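Take a look at the structure set out below.
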Amino acid sequence: MPELPEVETVRRGIAPHLVGEKIDRMIIRQRQLRWPISRTLPGAVANQCVHTVGRRAKYLLIELDDGHLIWHLGMSGSLRILQNLPTPGTHDHVDVCLKRGATLRFRDPRRFGSLHWTCVDPLRHRLLKNLGPEPLGEEFSGEWLYARSRGRSGAVKNFLMDSKIVVGLGNIYASEALFEAGISPVRAAGRIGLDRYRRLAEVAKTILGQAIKAGGTTLRDFTKAEGEPGYFAQELQVYGRAGEACSRCGEPVRSRIIGQRSSFYCPQCQN
DNA sequence: AATCGCGCCTGACGGC
DNA sequence: TGCCGTCAGGCGCGAT
């Protein structure tokens, strides 16, 4: 389940192998992802050079001569750079073959990922145009959260995971940030003060920054571009730790479903 | 405008 | 051993 740090790790892993390279061809074995891949995509990208590999939220933006690939890994997607091309497995849906021989291979067992092509500003694409600020950017702050949360009665965890409020805070990091900030995940977003939101924004930035530095969380399907796992899973304080002692007070960590998502928190430390 | 629930899909896991 | 039901999970979307 790639979250933002994982996607950023993938971006950094594949970028050096792609930038400046020319695409020979694209092979699509399975079009039916979250949205069907356009039939015209392979023809559109052939013989184009890669200029940059960027990211907006969890979307990777691969800039070519005449447009951008907008690539989402869903929850089980991976992108690998391969020099010697093994026979594709059942879930290896897309290959981007470069002229000089390397291949970018997309594997996605659950097919929640997506791949789009756009010839205009990718930030204007329907999937990107309404996204909130990047969590590591300056626009994202306690003040921002406070202002946007006034009058909202829903649980703060759902508020944090709303991509119009801030992107890249998925289920894992939302739980972790709320634990660090000492805020109950079910507290109404509109009933949290500025000081607590400042703390929340601060810890969110710290946690995401540390996770990126560590190379992303390792859970189930995730591995970095080169294949080795990230090393952040051991740093998670509450996620996936129901029943274990809270690292701060020793009370058992609890889990419950909030907004159809499993959530983890310490009933003693978070209120 | 905010909020809620759905559905896409497969692998892992538990129960029998 | 094998089969089956259940669940997780990102996130856009339609309904309320």
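To find a chain, count down the sequence lines: A is the first, B the second, and so on, and within it residues start at 1. If you're wondering where the values come from, they're calculated on a predicted model, not measured in any experiment.
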_Less than 4.0 angstrom between a side-chain N/O of Ser262(A) and OP1 or OP2 of dG9(C), yes or no?_
yes
_Does this structure show an ion pair linking Arg248(A) with Glu180(A), if we count only N-O contacts that are shorter than 4.0 Å?_
yes
Polar pairs (N or O, both sides) under 3.5 Å between protein and nucleotides 7-10 of chain B?
| from | atom 1 | to | atom 2 | distance (Å) |
| --- | --- | --- | --- | --- |
| dG7(B) | N2 | Arg34(A) | NH2 | 3.3 |
| dC9(B) | O3' | Arg111(A) | NH2 | 3.1 |
| dT10(B) | OP1 | Arg111(A) | NH2 | 2.5 |
| dT10(B) | O2 | Arg110(A) | NE | 3.0 |

*Hey, do the aromatic rings of His116(A) and Trp35(A) have their centres closer than 6.0 Å?*
yes
*Just how far, in rounded Å, is P of dG9(C) from CG of Leu73(A)?*
17 Å
*Would you mind classifying the nucleic acid contact of Tyr59(A) as base, sugar-phosphate or nothing, using non-hydrogen atoms under 4.0 angstrom?*
sugar-phosphate
*Rounded to whole angstrom units, what separation is found between the CG atom of Leu160(A) and the P atom of dG10(C)?*
14 Å
*What's the closest nucleotide to the Trp35(A) side chain, out of dC4(B), dG12(C), dT3(B)?*
dG12(C)
*Answer yes or no: is there an ion pair linking Arg80(A) with Asp92(A), defined by an N-O contact shorter than 4.0 Å?*
no
*Check the side chains of His51(A) and Asp65(A) for a donor-acceptor pair under 3.5 angstrom, ignoring hydrogens and angles.*
yes
*Is the closest basic N to carboxylate O distance between Asp95(A) and Arg29(A) below 4.0 Å?*
yes
*asked:* On the nucleotide dG10(C), are OP1 or OP2 found under 4.0 Å from the side-chain N or O atoms that Tyr173(A) carries?
replied: no
_Whether the Ser184(A) and Gln270(A) side chains hold a donor-acceptor pair (N or O, under 3.5 Å, no angle test) is what I'd like checked._
no
*Atom-to-atom span, CD1 of Ile172(A) to C1' of dG9(C) - whole angstrom*: 10 Å
*asked:* Can you see if the side chain of Arg126(A) gets near the phosphate of dC13(C) - specifically, an N or O under 4.0 Å from OP1 or OP2?
replied: yes
*Between Tyr239(A) and dA8(C), is there a side-chain N or O to OP1/OP2 distance below 4.0 Å?*
no
*Would you say Ser153(A) reaches dT3(B)'s phosphate, i.e. side-chain N/O to OP1/OP2 under 4.0 Å?*
yes
